[in-house]
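Quantities reported herein were computed from a predicted structural model and do not represent experimental measurements. Residue numbers start from 1 in every chain, and the chains themselves are labelled A, B, ... in the order their sequence lines are given, proteins ahead of strands.
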Number of protein chains: 2
Amino acid sequence: MTELRTTPTPEPASAHPERSVRRASRVTIRDVARTAGVSVATVSKVINGRDGIAEATSARVLRVVEDLGYESSLVAASMRRRRTHVIGVLVAEFEPFALQLLQGVSDSLADTSYDVLAYAGSVSAGDHVGWERRSLSRLAGTLIDGAVLVTPTVALPSASVPVVAIDPHTGSAGPATVDTDNLAGARLATEHLIALGHRRIAHLRGRGDLESARLREQGYRDALADAGIPFDPALIAEGGYRAPEASRGAATLLDLADRPTAVFAANDLSAIETVRVAATRGLRIPDDLSVVGFDDIPEASACEPSLTTVRQPLHRMGAAAVQLLLTMLDGGEAGHHRMPAELIVRGSTRPLPEHT
Amino acid sequence: MTELRTTPTPEPASAHPERSVRRASRVTIRDVARTAGVSVATVSKVINGRDGIAEATSARVLRVVEDLGYESSLVAASMRRRRTHVIGVLVAEFEPFALQLLQGVSDSLADTSYDVLAYAGSVSAGDHVGWERRSLSRLAGTLIDGAVLVTPTVALPSASVPVVAIDPHTGSAGPATVDTDNLAGARLATEHLIALGHRRIAHLRGRGDLESARLREQGYRDALADAGIPFDPALIAEGGYRAPEASRGAATLLDLADRPTAVFAANDLSAIETVRVAATRGLRIPDDLSVVGFDDIPEASACEPSLTTVRQPLHRMGAAAVQLLLTMLDGGEAGHHRMPAELIVRGSTRPLPEHT
DNA sequence: CTGTTAGCGCATTCAC
DNA sequence: GTGAATGCGCTAACAG
């Protein structure tokens, strides 16, 4: 009776012609066991290569597995097993920054026995602060052996698996982290604009809940101070690291009576948005306005004009996070890894014409 | 007794000072129940908003949930429940093409109640043909409600959940699919080169097991035939859609005694690789060699010189896949969705100088 | 060598 | 209203 409930279509998968697109109920280990005429445990042993199984039995089971197209459910297996050999990359949202990191993580995991699982936690939950705790709680301890958290917004409580944070909320506090020298990077960007003769330099802020955003603003202020340029609060607007907010912030700045001649945006996404808004105002880049971004996502060099920006070595950061994670999975201790920032000068900045 | 085994650290999570970076064991529904002084079932009902629970009890439970930072395990929940509200994007590997699609999928799922899970199946398993069946089998029916398969290499047997394939193996055969008009796109690319005066046009093939690769080669041949240019087998090399293979293929072509004046690469990744190899041979792009790619990933416009390519609307393709999937999840029937291809002329192509 | 037993963390009947 | 059973698909001990 319960057998029937488990497998509504008792005939082997290979037998029934797929004329309808109906869902075939999943092939479970019990289907295999029943078809092969052995117990569930035996199948499990064969699958997992445990020894103590007769050659003949093993072969027969494997044949059935092949015939039925059986593959063990990650979920069920992970519930019993210690390690799943899956690394989770937890992001708030799949945007270019996170995707570049993901590529780095994935590439450097290619030589290991780990698979990669990326999870966007706040897609359906809105911009809930604390998405990382939610995601971690849902996946850790069961599905993934370790996690890479991309721009977590809160300090993480001790998790149930090893965790490495990239561009964390609290700077280099807490557990293992990977980040870029945001302060120095922001200085580079601002000093570049100053060197080009700009003095009315605006800043489009990043997300208020991220340490990186705070540091980038600080670097901007420091550079201004060093150059003896007074700080003007009117030249700061909220960009939030994302297009919609950046669009509003950029509009605020560009509609100022005494418009800035340059904008340092807290990341590339908002810099690109600034360029877009400038276009709607009839402003040409870089003739009427210089723009600098941060991150150097592929879109930065792809846009027109190409964006001057501060490069974070995203691919290498992902790889570094993996190294730290593997160390922790091996029982070792992992620390903090800071990457240098690099100014990449492209087409969106130019010297301020003498006729200010 | 069993209580002790389940929770090695019986004290509430909030009680023990996190001085060590030791793993805290996951907070389970039982911890919540015990702390709140109710049964596990009661907690479950409160969490899932079932009615029939005293207001006071409900409030108390919710407080404990908040305090302990409890979140139901996706794994455990998905094993009992019907729907997990998670959509899986299954890819062989996280490369730019797949990542752009992922972004499209994710963005168009933002307004729904679904979360997104991306899984790279062949990371640890090598280039195993059939990764999609393996991944699907591991995740479907348990962890995800539906799946978007990116460039599956085999025709899928009926799966246990709704599935949409993007750029499928078998063209538009089988279940729901989304693809681009590869044949027309390849013609556009080749005709563009022909219009520029090129006649020795090479083709760097895509992955042999993909229909898209076959169609792109066919489009190339068709365009040559229409222009009355004889097909030369020596001008075809394997690119495999990936950098390492493309590198070898490009070298073969560029080291030919009678070198081609233009290369149509089956995708952007191999086109970019061709540009790279050309540089090592001292060839300038586009002066000494014109190169056209396919896909229009962000890297295509980012490279130097920017790449002339055939654009696939990747973001929209991801969104289209989601629409089909949601239809199927709603019990409806979904069909095939074909997107137009568009030639984007950039800096990597130019007219062949008269002095051939 | 193989089958039986006991859960993993959770949701779902059913009794109480 | 609440709580003890039960099972999801699977694996690890332990029996036979």
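We find that NE2 of A:His85 is positioned 15 Å from C1' of D:dT11, with the value rounded to whole Å. Following rounding to the nearest Å, A:Met79 (CE) and C:dC10 (P) show an atom-to-atom distance of 9 Å. One can place CZ of B:Arg50 at 9 Å from P of C:dA11, the figure rounded to the nearest angstrom. To the nearest angstrom, C1' of D:dC10 lies 19 Å from CZ of A:Arg83. As a whole-Å value, the separation of B:Ile29 CD1 from D:dA4 P is 14 Å. Atom CG in A:Leu143 sits about 16 Å away from atom P in D:dG9, given to the nearest Å. If you measure from atom CZ of B:Arg80 to atom C1' of C:dG9, you get 11 Å, rounded to the nearest angstrom. In this structure, A:Leu74 places its CG atom 14 Å from C1' of D:dT11, rounding to the nearest Å.
Nearest nucleotide to the side chain of B:Arg81, out of C:dG9, C:dC1, C:dT12: C:dT12.
At least one side-chain heavy atom of B:Tyr70 sits under 4.5 Å from a side-chain heavy atom of B:Ile29. For the pair B:Thr151/B:Phe97, a side-chain contact is recorded, criterion being any heavy-atom separation below 4.5 Å from C-beta on.
Within the 4.0 Å cut-off from OP1 or OP2 of D:dC10, not a single side-chain nitrogen or oxygen of A:Ser78 is found. In terms of phosphate contacts, A:Arg60 brings no side-chain nitrogen or oxygen within less than 4.0 Å of OP1 or OP2 of C:dT2. Within the 4.0 Å cut-off from OP1 or OP2 of C:dG9, not a single side-chain nitrogen or oxygen of B:Tyr70 is found. Using a 4.0 Å cut-off, no side-chain N or O of A:Thr142 falls inside it from OP1 or OP2 of C:dC8.
Here B:Ala36 pairs with B:Val38, B:Val61, B:Val64 under the side chain to side chain contact (heavy atoms under 4.5 Å, CB included) rule; sequence neighbours left out. Under the side chain to side chain contact (heavy atoms under 4.5 Å, CB included) criterion, A:Ala33 pairs with A:Val40, A:Val43, not counting sequence neighbours.
Applying the salt bridge (charged side-chain N to carboxylate O under 4.0 Å, His left out) definition to pairs two or more places apart or across chains, those involving residues 135-145 of chain A are A:Arg83-A:Asp145, A:Arg138-B:Asp115. Pairs passing the salt bridge (charged side-chain N to carboxylate O under 4.0 Å, His left out) check and including a residue from residues 35-59 of chain A, sequence neighbours excluded, do not occur.
When heavy atoms are screened at a 4.0 angstrom cut-off, A:Arg138 is found touching no nucleic acid atom at all.
Judged by distance alone, the side chains of A:Thr153 and A:Glu132 do bring a donor and an acceptor atom under 3.5 Å apart.
End-to-end axis angle of the helix from C:dC1-D:dG16 to C:dC16-D:dG1, from C1' rotation axes over five pairs per end: 50° (rounded to 10 degrees).
Each of A:Val86, A:Leu326, A:Ile144 was evaluated against A:Tyr114; a single residue qualifies, A:Leu326, per the side-chain contact (heavy atoms from CB on, under 4.5 Å) test.
For residues 38-46 of chain A, proximity to DNA chain D is found at A:Val40, A:Ala41, A:Ser44, defined as any non-hydrogen atom under 4.0 angstrom from a strand atom.
Here the straight-line distance linking atom OG1 of B:Thr84 with atom CE of B:Met79 works out to 13.5 Å at 0.5 Å rounding.
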